[in-house]
Amino acid sequence: MAAAEAQASGLPGVVIVTLAPGLTNAINGIAHAHLDGVPLIVITGQHHPERAPLIVRQFLDNHLLVQGL
């Protein structure tokens with residue numbers, strides 16, 4: 001929806017998602033915006049790398065996930 005709004009308005013779209021599953025659920029929309037050259041700002045959380053051994057769920061390297069886009 002943010003990509004469609006950006007295309008219609010000419011302003012960057014804004015997406016705010018939860019960490020880990022929120023970002024993975026948004027990845028198709030992010031890829032769509034990237035491929036079509038649509039300006040998109042994505043805001044998500046990320047656990048600090050030092051907390052990785054303590055996090056059982058919702059740990060994901062956000063930067064690594066979107067690196068290829």
Side-chain angles (χ1 to χ4, degrees):
M1 190 65 209
E5 181 67 25
Q7 285 178 311
S9 70
L11 299 171
V14 178
V15 179
I16 301 174
V17 297
T18 62
L19 53 92
L23 184 60
T24 59
N25 288 332
I27 200 71
N28 287 334
I30 296 168
H32 152 74
H34 173 73
L35 291 172
D36 287 351
V38 176
L40 193 64
I41 299 168
V42 181
I43 301 169
T44 185
Q46 170 113 18
H47 289 292
H48 193 280
E50 292 176 359
R51 291 184 43 101
L54 306 173
I55 306 302
V56 177
R57 292 181 176 81
Q58 296 190 344
F59 181 76
L60 179 66
D61 187 340
N62 295 340
H63 294 110
L64 185 61
L65 178 65
V66 297
Q67 185 175 17
L69 296 178

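Just so we're clear, the structure is a prediction, and the values are computed from it rather than from any experiment.
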Members besides Val14 in its Ile/Leu/Val/Met/Phe/Trp/Tyr cluster (side-chain heavy atoms under 4.5 Å): Ile16, Ile41, Ile43
Under the side chain to side chain contact (heavy atoms under 4.5 Å, CB included) test, residues paired with Asp36 that sit two or more places apart: Gln7, His32, Val38
Heavy-atom side-chain contact between Val17 and Asn25 under 4.5 Å: no
Shortest non-hydrogen separation from Thr44 to Thr18 and the atoms involved: OG1-O, 3.1 Å
Approximate separation, where rounding is to 0.5 Å, of Thr24 OG1 and Leu19 CG: 10.5 Å
All side chain to side chain contact (heavy atoms under 4.5 Å, CB included) counterparts of Leu64, not counting sequence neighbours: Asp61, Gln67
Spacing of His34 atom NE2 and Leu40 atom CG [to the nearest 0.5 Å]: 11.5 Å
For Pro12 against Ala6, the heavy-atom pair lying closest together: C-CB, 4.1 Å
